[in-house]
Amino acid sequence: MVSETDQKDITGTTLLTLGARHWCISHKQFWITEPKCKTKVYPDELPNTSVVIVFHNEAWSTLLRTVYSVINRSPHYLLSEIILVDDASERDFLKMTLENYVKNLEVPVKIIRMEQRSGLIRARLRGAAASKGQVITFLDAHCECTLGWLEPLLARIKENRKTVVCPIIDLISDDNFEYTAGSDMTYGGFNWKLNFRWYPVPQREMDRRKGDRTLPVRTPTMAGGLFSIDRNYFEEIGAYDAGMDIWGGENLEMSFRIWQCGGSLEIVTCSHVGHVFRKATPYTFPGGTGHVINKNNRRLAEVWMDEFKDFFYIISPGVVKVDYGDVSVRKALRENLKCKPFSWYLENIYPDSQIPRRYYSLGEIRNVETNQCLDNMGRKDNEKVGMFNCHGMGGNQVFSYTAEKEIRTDDFCLDVSRLSGPVIMLKCHHMRGNQLWEYDAEKLTLRHINSNQCLDEPSEDDKMVPTMKDCNGSRSQQWLLRNMTLSA
Ligand code: LR7
Ligand code: MN
């Protein structure tokens, strides 16, 4: 968490004595952008935008830094208004002090108060409903817009109103507020646990842009906090799932929905906005963090992911016990909008996904001789896999043998790098190499293609760790790849 005193020392106290024009925000923005972006010309006639910022117990300095950077770094004729939605904060200065303060700003600032803590999703819905601009731009309450951030976003929406656009998210340190450029070489994805993750922009997307780094990157998902969307399109496509609480899941839900229902999601690389990445959450999750996030994720999995929701359920045993409420309205929305299946999304939008579009098995891998199961022991990165009694509870004993011939669990693949060497879990690289396996459904062998050796039970001296050996047809080299299903 950012300590309140730190923030005040750097910015909070100066803020009150200096006018908006002198507001002390970073000066690094000139070198942040790709040089070619500076010569881009955007149409004069752009749609205007409402900027919606929701907050719960935000620090004064970071909130005002966000507001001032919007005002100082955007052409005013493009700003319809700034809407601050207070999600029932408890801090005093966010009440009258804030209200009086924003009256004197150069752009109309509206403050909306939620009657009770509602979470960022319902708070954003309220802000959106009150907005008047042609576009809605959502920002977290601890951002800094850089010069020229807005025009490229709006220009892209003018070209195609069904394009939802994100800036490159720069990093603001929560230790010292240092500003560092974000990368245009990463885009949004997610893992089996449905965590949002950045992954390298794949070659196919580089090729599509023909090496022009000023062109937007089509991204499978967005981080969620910073994006612009045509206001009518936001309504048409189903706004947000109002059944989601507090935090989490809404970003993937919206990403899947946009792609599956005929829109597109892009990172506009000529637009940069900084975000304070916090090591800890400065607020509580009523009902418990895990419970809230699992509930939201279940809602998104049930509505949008079809049979691929199994990856989430099988890797996170326990999730299926969480009540996710009623999703019939969201399923009806998917029906009415005639949205495509999740398999279409995986195939066309996210072929490099951690969830394989085609796979032979999803579940345990059991040795015929010992009757034990492969187990990643929860350690994963560059660690050996082990063998333990099969517990049938998913988690560390779930592997998917994919059509690409990888044996993977989430982002990690079974990998062998030397003859008779250990089997380790390594980040899947999609480069084939040491991560390819041939399963022989008759002989039941798992042959490592590069080394031509077979996966065998642990040797005498290392009881827990399976080894690679020359294929010899023994029972200890026979494996059953089982499909697991979990039911709620
Ligand atoms: O109960 C709440 N009520 C709120 O109003 C909880 C939060 N909020 C506000 C909060 O004050 C903040 O302004 O909602 C905003 C987002 O909350 P953060 O800043 O705690 O979220 P985050 O930055 O950790 O998380 C990212 O994922 C979230 C999933 O629900 C949201 O989509 C956030 O907007 C999103 N942030 C970003 O995308 C910024 C870039 C981070 C990355 C990667
Ligand atoms: Mn944030």
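For the single chain, residues carry numbers from 1 onward in sequence order. Keep in mind that this is a model prediction, so the values were computed, not measured. Counting starts at 1 for both ligands and their atoms, following the listed order.
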Should the heavy atoms of other residues, nucleotides or ligands under 6.0 Å from CE of M431 be counted, would the total exceed 12?
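Result for CE/M431: open.
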Is atom CG of D92 surrounded by more than 12 heavy atoms (other residues, nucleotides or ligands) closer than 6.0 Å?
no
Quick test: of every protein heavy atom, which one is nearest to [atom], and how far off is it to 0.1 Å?
atom	value
atom 28 (C) of ligand 1	W247 NE1, 3.4 Å
atom 43 (C) of ligand 1	W198 NE1, 3.5 Å
atom 32 (O) of ligand 1	E250 OE2, 2.4 Å
atom 41 (C) of ligand 1	F277 CE2, 3.5 Å
atom 3 (N) of ligand 1	D87 OD2, 2.7 Å
atom 15 (C) of ligand 1	D140 OD1, 3.6 Å
atom 17 (O) of ligand 1	Y283 OH, 3.4 Å
atom 13 (O) of ligand 1	V54 O, 2.8 Å

Output the atom name for the N/O/S atom of D140 with the smallest distance to the Mn ion (ligand 2).
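Looking at D140, the N, O or S atom with the least distance to the Mn ion (ligand 2) is OD2.
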Charged tip of R124 within 45° of F138 ring normal and under 6.0 Å:
yes
Suppose we call two aromatic rings close when their centres sit under 6.0 Å apart. Are [X] and [Y] close by that rule?
X	Y	result
F311	Y359	yes
W198	F196	yes
W60	Y101	yes

At less than 2.8 Å, would any N/O/S atom of H275, backbone or side chain, sit next to the Mn ion (ligand 2)?
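Under 2.8 Å: H275 contacts the Mn ion (ligand 2) through an N, O or S atom.
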Subset of ligand 1 atoms that lie under 4.0 Å from at least one heavy atom of [X]:
X	value
E58	11 (O)
I169	40 (C)
H275	23 (O), 39 (C), 40 (C), 41 (C)
A223	27 (O), 32 (O), 35 (C), 38 (O), 42 (C), 43 (C)
A141	13 (O)
R278	18 (P), 19 (O), 20 (O)

Going by heavy atoms, is [X] under 4.0 Å from ligand 1?
X	answer
L226	yes
R124	yes
A123	no

W304-Q260 side chain donor-acceptor pair, cut-off 3.5 Å
no
May I ask you to say whether E266 pairs ionically with R156, meaning some side-chain N is under 4.0 Å from a carboxylate O?
yes
[X] vs [Y] side-chain heavy atoms within contact, under 4.5 Å:
X	Y	answer
F256	F342	yes
V201	M206	yes
Y42	C270	yes

Got a donor-acceptor contact below 3.5 angstrom from the S89 side chain to the R91 backbone?
no
